Each structure stands twice: as C-alpha cells, then as structure tokens.
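None of these values were measured; they are calculated from a predicted model. Reminder, nothing fancy here: chain letters follow the sequence lines and each chain counts from 1.
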Number of protein chains: 2
Amino acid sequence: MDHDGREGGPISDRMSRIEQMCVERGLKMTGQRRLIARVLSESEDHPDVEELYRRAVALDNRVSVATVYRTVRLLEEKGILERRDFGGGRARFDPADRGIHHHLIDVDTGNVIEFSDAEHDTLAREIAHRLGFELVQLRLEIFGRRR
Amino acid sequence: MDHDGREGGPISDRMSRIEQMCVERGLKMTGQRRLIARVLSESEDHPDVEELYRRAVALDNRVSVATVYRTVRLLEEKGILERRDFGGGRARFDPADRGIHHHLIDVDTGNVIEFSDAEHDTLAREIAHRLGFELVQLRLEIFGRRR
DNA sequence: CTAATTGCAAATCGTTTGCCATGTC
DNA sequence: GACATGGCAAACGATTTGCAATTAG
C-alpha cells in the first residue's frame with residue numbers, strides 16, 4: 001500500500017514535494033521559492049536555469065532569473081537538488097530524491113537513452129572505496145551503436 | 001628556412017608525441033603550436049587552459065591565452081585531445097592516446113585520479129548489450145570525497 | 001521589527017572572435 | 001605570395017553580486 005507518508009497533516013495537499021523538503025530544512029518560503037519548488041516537483045526531466053525560469057514565469061511572472069539562480073544554488077546546498085553537467089555549458093538540475101541514472105548515447109543518431117543499473121552503482125561505490133573515497137556523484141556515459 | 005628534418009632518422013627525437021600527431025594530420029606547425037604540443041606531451045595530468053598557458057609561457061613567452069584556447073580546440077577537433085569536464089567551470093584536457101581510463105575527482109580539492117577497472121568495463125559492455133547497443137566508447141567519472 | 005530575500009543592472013569568469021599583423025608552406 | 005595563424009582587446013553567454021526595496025517569520 002503506497003499511501004505515501006501523508007497522514008502527517010493536510011499541509012501536504014498544497015505543498016509540492018520539493019517545497020516540503022524546503023520546509024523540513026527550515027527555509028524561509030517566499031512566493032517565488034514556492035513557485036520554483038512547484039516547477040521542480042512537476043518536472044520529470046533535467047531542466048537548466050533558463051528552462052526553469054521559463055516554466056516558472058508561465059505560472060507566475062513575479063520571478064526573475066536571478067532568483068532562480070539563487071534558489072537553485074540554495075537547494076543544491078541543502079541537498080534537495082543535484083547539479084548535473086551534460087555538456088552544453090549550462091548546469092542542469094535533478095531532484096536528489098530521484099535515483100541515480102546514467103546515459104547511453106547513440107553515436108549514430110545522437111539520441112540519449114536514460115537508464116539505471118544498481119549493480120553498476122555498487123561497483124562504482126566499491127571502486128571509490130578502494131581508492132579511499134566516499135562516492136558523492138557518479139557520471140556514466142556509454143556511447144554505443146545500435147545492433 | 002628551418003633545417004629540422006633528419007633524413008632517414010627518427011624524427012621523433014625532436015618532435016613531441018603530440019606534435020607528431022599534429023604533423024600526421026597535416027596541421028601547419030607554428031612555434032606556438034609546437035610549444036603547446038610539447039607542454040601537452042610532458043603533462044601527465046589534466047590541465048585546464050590557464051594551466052597550459054602558464055606552463056607554455058614558462059618555456060617561451062611568445063604565446064597568448066587566446067592561442068592556447070584556439071589550439072586546444074583545434075586538437076580536439078582533430079581527435080588529438082579530449083575535452084573533459086571535472087566541474088569547477090573550466091574545461092580540462094586529456095591526450096587521446098592515453099589508454100582507456102576513468103577518473104575519480106576529489107570534490108573538495110579538484111584533484112583527479114586516473115584508474116582503470118576491467119570489471120567495470122565488462123559490466124558497461126553488458127549494459128550496452130542489454131539496451132541493444134554495441135559499446136563504442138565509455139566515460140565514467142566518479143566524484144568522491146576522501147574519507 | 002529584523003533579518004532574509006528579491007529585482008535589477010552591473011560585474012565576473014571562462015571562452016570566443018574580429019581585425020590586422022605575422023609566419024608557414 | 002597566398003592563406004593560415006597569432007595577438008590583442010572587445011564580445012559573449014552563463015552565472016554571481018551589490019544595493020535598495022520588499023517580505024517572511
């Protein structure tokens with residue numbers, strides 16, 4: 001039965017997933033933060049700041065890009081977001097509560113396929129340990145050709 | 001005219017590894033390109049442009065950063081260098097003729113450790129197969145924190 | 001009310017580029 | 001000599017920041 005930890009109270013009805021995390025970490029919730037949190041919660045991809053800003057403004061134009069930049073950075077520091085770099089010069093963001101996933105790039109078409117593989121992640125963690133490190137982030141890109 | 005060819009003999013005495021690759025690809029070899037190629041050949045780490053520039057100037061100050069940027073970009077297009085992104089905002093470079101290896105980046109210091117792991121490569125190949133692809137190239141970057 | 005947050009525009013940072021001088025093939 | 005290449009400084013695109021006005025707690 002997945003009745004997601006909802007019995008706490010009625011607040012969660014209106015609070016987005018990410019907003020909830022913000023509140024848990026004691027962040028002062030302004031209108032723009034709530035907005036950005038909502039946009040993030042509703043996104044299933046890895047938007048960059050420009051894209052987040054676009055989506056946010058579409059819902060409420062009382063935000064500026066600067067605020068999106070500041071918020072995204074704050075949430076990263078709070079461990080709510082993870083900054084990703086898929087190349088292309090802009091940072092992209094990934095809610096930390098999503099699992100680790102990787103990318104397979106079709107070298108012929110340029111298509112990108114997302115996948116995850118627990119066995120791989122475990123192995124990577126082991127490699128890190130072997131080298132004396134605690135795994136913080138993992139980037140695996142497989143370039144392949146359809147067969 | 002420069003008298004640098006040693007008839008019959010191994011040119012590689014004077015040419016750096018990277019310079020040789022440049023010549024093979026028909027690049028016009030100027031003094032600054034030769035210099036940068038040498039710096040790259042003698043580097044065992046993954047310097048960024050600023051660092052390459054520093055090392056180059058130390059040997060011969062007749063270079064500018066702009067040229068380092070242009071050269072590094074050119075060599076990348078020619079497949080002599082690979083551009084890497086280890087975070088920190090600056091691109092770092094890796095001669096393409098080094099063996100298959102991956103990177104562990106110390107998130108606190110920015111230090112990069114090279115390693116290879118046959119087990120991992122095998123697993124990656126399997127993952128690619130599982131997704132219907134033939135592995136062409138592999139990029140694994142582990143971001144970790146010393147413990 | 002107080003301290004944190006926002007918007008705006010100016011400032012940074014890494015990187016690219018236009019223009020003209022210079023050097024290679 | 002033709003054409004690629006180098007230097008310089010200005011241009012750029014993404015991100016940050018100073019400051020005054022606004023707002024959450």
Side-chain angles (χ1 to χ4, degrees), chain A residues 11 14-15 19 22-37 39 46-54 56-57 59-78 80-93, chain B residues 1-5 11 14-15 18-19 22-39 46-54 56-57 59-78 80-93 110:
Chain A
I11 319 172
R14 296 215 141 261
M15 268 204 237
E19 182 181 349
C22 292
V23 172
E24 280 165 15
R25 280 159 235 228
L27 294 184
K28 185 185 281 191
M29 292 312 289
T30 66
Q32 20 279 81
R33 280 194 188 162
R34 231 182 297 274
L35 176 62
I36 295 167
V39 168
H46 310 96
D48 57 35
V49 167
E50 210 58 50
E51 181 59 28
L52 284 174
Y53 174 64
R54 227 173 284 128
V57 164
L59 300 176
D60 183 336
N61 69 321
R62 302 173 139 285
V63 218
S64 68
V65 233
T67 296
V68 178
Y69 271 107
R70 283 193 268 232
T71 302
V72 120
R73 171 170 264 255
L74 177 69
L75 299 204
E76 188 194 358
E77 283 163 8
K78 292 297 181 180
I80 295 172
L81 285 185
E82 274 170 26
R83 180 182 302 260
R84 298 273 172 145
D85 187 342
F86 296 159
R90 313 143 92 109
R92 306 184 53 179
F93 297 88
Chain B
M1 208 184 234
D2 235 338
H3 178 173
D4 59 353
I11 318 169
R14 294 217 145 258
M15 268 203 239
I18 304 283
E19 182 181 348
C22 291
V23 172
E24 280 166 14
R25 278 156 239 229
L27 294 184
K28 187 183 281 190
M29 290 314 289
T30 67
Q32 18 281 81
R33 281 195 187 160
R34 232 182 297 274
L35 175 62
I36 295 168
R38 181 177 153 201
V39 168
H46 308 89
D48 57 33
V49 167
E50 209 58 50
E51 180 59 28
L52 285 174
Y53 174 63
R54 228 173 285 129
V57 165
L59 299 177
D60 184 335
N61 69 322
R62 303 175 138 285
V63 217
S64 70
V65 233
T67 297
V68 178
Y69 272 107
R70 283 194 266 231
T71 302
V72 119
R73 172 170 266 256
L74 177 69
L75 299 204
E76 188 195 356
E77 283 162 8
K78 293 297 183 180
I80 295 172
L81 285 185
E82 277 170 24
R83 179 181 303 258
R84 302 276 174 168
D85 186 343
F86 297 154
R90 314 144 92 107
R92 307 186 50 181
F93 297 88

#### Entry: Side-chain N,O (B/Gln32) to OP1/OP2 (C/dG23) below 4.0 Å
no
### Message
So for B/Arg70 and D/dG7, does any side-chain atom that can act as donor or acceptor lie under 3.5 Å from a complementary atom in the base?
### Response
yes
#### Entry: Integer-rounded Å distance: D/dG6 C1' and B/Asn61 CG
14 Å
### Task
Figure out the CG/P separation between B/Leu35 and C/dG23, and round it to whole Å.
16 Å
### Task
To the nearest Å, give me how far apart NZ (A/Lys28) and C1' (C/dT6) are.
11 Å
### Task
Please tell me if the side chains of A/Val49 and A/Arg90 come closer than 4.5 Å, counting only heavy atoms from C-beta onward.
no
### Query
Looking at B/Thr30, does any N or O in its side chain come under 4.0 Å of the phosphate oxygens OP1/OP2 on D/dG6?
yes
### B/Arg38 atom CZ, over 12 foreign heavy atoms within 6.0 Å
no
### Gap between atoms CD and P, on A/Glu50 and D/dA14 respectively (whole Å)
7 Å
### Task
On DNA chain C, check which nucleotide each of B/Leu27 and A/Leu27 is closest to and give me the residue with the more 5' one.
A/Leu27
### Phosphate OP1/OP2 of C/dT5: any A/Thr67 side-chain N/O under 4.0 Å
no
#### Entry: Whole angstrom value for the distance that separates C1' of C/dT16 from OH of B/Tyr53
17 Å
## Note on the structure
Among C/dT15, D/dT17, D/dG25, the one nearest any side-chain atom of A/Ala66 is D/dT17
### Query
Over how many whole Å does the gap from B/Arg62 atom CZ to D/dT5 atom P extend?
19 Å
### Query
Counting side-chain heavy atoms from CB outward, which of D/dT5, C/dG14, C/dT15 is closest to B/Arg90?
C/dG14
### Message
Heavy atoms only, 4.0 Å cut-off, all strands: where does A/Val65 land among base, sugar-phosphate and nothing?
### Response
nothing
### Query
Just wondering, are more than 12 heavy atoms of other shown residues or ligands nearer than 6.0 Å to CZ in A/Arg62?
no
### Summary
Separation of C/dT15 atom C1' from B/Glu76 atom CD, nearest Å, is 13 Å
### Query
With respect to the phosphate group of C/dT16, does any side-chain polar atom (N or O) of B/Tyr69 fall under 4.0 Å of OP1 or OP2?
no
### Query
Rounded to the nearest 0.5 Å, how far does CE of B/Met15 lie from SG of B/Cys22?
10.0 Å
### Task
Send over the distance from A/Glu51 CD to D/dT15 C1', rounded to a whole Å.
18 Å
### Query
With the threshold set at 4.0 Å, does a side-chain nitrogen-carboxylate oxygen contact exist between A/Arg73 and A/Glu76?
no
### Under-4.0 Å side-chain N/O to phosphate OP1/OP2 contact, A/Arg73 with D/dT16
yes
